[in-house]
Amino acid sequence: MDQLIEQEVTARKKKKGILIGGIAILALAASVWLLRTTLKSSIKRADITTAVVEIGSVENTLNATGEVLPEFEEILTSPINASIKNVVMDAGNKVNAGQSILTLDKSASQTEFEKINFQMQSKRNEIAKLKLDLNKSFFDIQSNNDIKQLRISNLADAVENAKRLFKAGGGTREGIEQAELNLKVAQLEKKQLENEIKSKQQTMQIEIKEAEIALAIQQNDLNGLQRKLQLASIIATRSGVVTYVNKNIGATVHEGDALARIADLSSFKVNGSISDSYMDQLHAGMPVVVRINEVQMKGHVVNVYPSVQNSIVSFDVQLDERNNKQLRPNMKVDVYVVTDVRSKTIRVANGAAFKGPAEQDIFVLNGGKAERRAVHIGLSNFDFVEIKDGVKPGDVVITSDMSEYKNTKELTIKD
């Protein structure tokens, strides 16, 4: 009997525990649902940002980065292999056209200049000697030719005499033939000598021409070296500001090494960089908006570089206001390349609520509520987003990130 009572009491306690546990679970679930409902269906006004839908223009842009550079910057390079002798100007100094910036030790190049000069003098002497030899040989050959001509005349007379003597009966036909043979030999020798004269003249003229060409090459080398020596005193070709100078006195520099840079800081341009995936959309003449903090400047693309480095394409932007006081050398700026423009369209200020897809949901204020609406997005830029449908001018749109409420159709706005 005691055992039956004990089993009944234990069963009642077990049922009571199950009932209490179930009630606790239901209460917890109800609390969670109530909490989620309270949180998801309302939002504080201070936690959101809003913008009024209006009519205006929207520019579709490609986002790029840029660096402000002087529109004119001259790079002064070493014209010769030398060493830095003296530095006159430091970076940051203003410089006028004609002012010296630094000087180079040009003793080695000066020695080379003198060496070429001596070689040229030797070549001139060689040409003079060739001309003298040409004249002498020509005179000698011409004298021999004259002697040959006299001998031919003499042999021609001998032929005539042999013929007259034969007619008179005092000579033989063999005598005539011998005289004629001697004349033909002399004529051939004269012709051979004339050919020799012609060949000798052509050969010596070629030798003189080659020597003159070699002299001209050396003259060009000498003129080039002389010009480089004159440029070895590094001077500014126009007024500006020294932005860089090699101050390592005594350091060896090679021909073409940069020694100094001079920039005109009264006029600037922007060198832009953008992903090569936009290369097909980028071309000269496209409008550009450059943003420096809160300041916007307009310009246009003037040059697109054909090479791609590390998946980046570079381009140059000419600003409409190239002397704006906000511009500083090497300043990093945001660049927006305008690809399309629509005027008199429905737009709203851009914000985190607009994620990019053409079709998306936004929240529009209506009294103390915020209603979710499906809209289609058109052009967009840093400032504005075009909304093709779903809203009208005067509507107030929540522009802050509302992804937390993507499943909520309506929100209560709390002050």
Side-chain angles (χ1 to χ4, degrees), residues 57-79 91-92 95 101 234 236-246 253-342 350 354 356 378-385:
S57 62
V58 178
E59 300 171 335
N60 195 61
T61 60
L62 303 176
N63 294 351
T65 59
E67 182 179 8
V68 178
L69 299 174
E71 194 167 35
F72 169 81
E73 186 174 34
E74 179 185 21
I75 301 177
L76 302 177
T77 60
S78 176
V95 64
I101 297 179
I234 308 300
T237 59
R238 61 183 294 172
S239 299
V241 176
V242 179
T243 57
Y244 163 79
V245 64
N246 189 336
V253 292
H254 300 93
E255 183 176 348
D257 287 353
L259 296 176
R261 290 189 181 93
I262 301 174
D264 182 359
L265 300 186
S266 63
S267 180
F268 293 90
K269 66 178 181 179
V270 174
N271 179 251
S273 300
I274 196 169
S275 171
D276 62 348
S277 60
Y278 299 114
M279 190 171 183
D280 293 340
Q281 303 179 52
L282 196 65
H283 57 81
M286 296 181 71
V288 172
V289 176
V290 176
R291 184 186 293 271
I292 303 176
N293 297 325
E294 299 302 319
V295 178
Q296 290 188 4
M297 301 181 204
K298 292 187 176 182
H300 61 277
V301 177
V302 293
N303 179 46
V304 179
Y305 294 91
S307 61
V308 177
Q309 296 182 351
N310 299 323
S311 301
I312 296 297
V313 176
S314 298
F315 58 96
D316 289 331
V317 176
Q318 186 179 77
L319 298 170
D320 295 345
E321 191 180 357
R322 289 173 278 183
N323 59 349
N324 191 292
K325 294 182 179 179
Q326 297 285 337
L327 298 171
R328 295 289 185 275
N330 304 319
M331 175 186 286
K332 304 299 181 182
V333 295
D334 295 321
V335 178
Y336 304 95
V337 182
V338 180
T339 60
D340 194 5
V341 179
R342 288 185 189 156
N350 202 345
F354 303 100
L379 303 183
S380 64
N381 57 39
F382 184 83
D383 297 311
F384 295 102
V385 174

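Residues take their numbers from the sequence shown, with the count starting at 1.
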### Query
Is there a side-chain contact between Tyr278 and Val337, using heavy atoms and a 4.5 Å cut-off?
no
### Query
Is Leu282 close to Ile274 at the side-chain level, that is, under 4.5 Å between some pair of heavy atoms?
yes
## Note on the structure
The reported gap from NZ in Lys269 to CG in Asp316 (rounded to nearest 0.5 angstrom) is 4.5 Å
### Query
Considering residues at least two apart in sequence or located in another chain, which fulfil the side chain to side chain contact (heavy atoms under 4.5 Å, CB included) criterion with Glu321?
Asn323, Asn324
### Task
In sequence, state the C-alpha distance, the side-chain angles, and the governing distance for Gln318 and His300, and then conclude on side chain to side chain contact (heavy atoms under 4.5 Å, CB included).
CA-CA 6 Å; Gln318 186 179 77; His300 61 277; 3.3 Å; yes
### Message
Return the CG to OH distance between Leu259 and Tyr244, rounded to the nearest 0.5 Å.
### Response
7.5 Å
### Task
Quick one: do Val270 and Val288 satisfy side chain to side chain contact (heavy atoms under 4.5 Å, CB included)? Show the steps, please.
CA-CA 10 Å; Val270 174; Val288 172; over 6 Å; no
### Query
Given side chains that start at C-beta, do those of Phe384 and Leu379 come closer than 4.5 Å, heavy atoms only?
no
## Note on the structure
Between Ser314 and Asn271 the two heavy atoms that sit nearest each other are CB-ND2, 4.3 Å
### Task
With the side chain counted from C-beta on, respond yes when Ile312 and Asp276 share a heavy-atom pair under 4.5 Å apart, and no when they do not.
no
### Query
Considering all heavy atoms of both residues, which atom of Gln281 and which atom of Thr339 are nearest to each other, and what is their separation?
OE1-CG2, 4.2 Å
### Minimal non-hydrogen separation, Ala64 against Phe315, with atom names
CB-CZ, 4.1 Å
### Query
Sequence neighbours excluded, which residues qualify as salt bridge (Lys or Arg N to Asp or Glu O under 4.0 Å) partners of Asp383?
Arg291
### Query
With a 4.5 Å limit on heavy-atom distance, are the side chains of Asn60 and Ser380 in contact?
yes
### Message
I'd like to check Asp334 versus Asn63 (side-chain heavy atoms, cut-off strictly below 4.5 Å). Are they in contact?
### Response
no
### Query
Is a side-chain donor or acceptor of Asn293 paired with a backbone partner of Val295 at a separation under 3.5 angstrom?
no
#### Entry: Approximate separation, where rounding is to 0.5 Å, of Ile75 CD1 and Thr243 OG1
8.5 Å
### Message
Testing the basics here: between Pro306 and Met279, what is the closest heavy-atom pair and its distance to 0.1 Å?
### Response
O-CE, 3.5 Å
### Message
Please determine whether side chain to side chain contact (heavy atoms under 4.5 Å, CB included) holds for the pair Val289 and Thr61, giving the CA-CA distance in whole Å, both sets of side-chain angles, and the decisive distance to 0.1 Å.
### Response
CA-CA 9 Å; Val289 176; Thr61 60; 5.8 Å; no
#### Entry: Which residues share a side chain to side chain contact (heavy atoms under 4.5 Å, CB included) with His283, sequence neighbours left out
Met286
### Query
How about Leu327 and Met297: do any of their side-chain heavy atoms sit closer than 4.5 Å?
yes
### Closest heavy-atom pair and its distance - Leu265, Pro329
CD2-CG, 3.7 Å
### Query
Rounded to the nearest 0.5 Å, what separation is found between the CD atom of Glu73 and the CD1 atom of Ile262?
9.5 Å
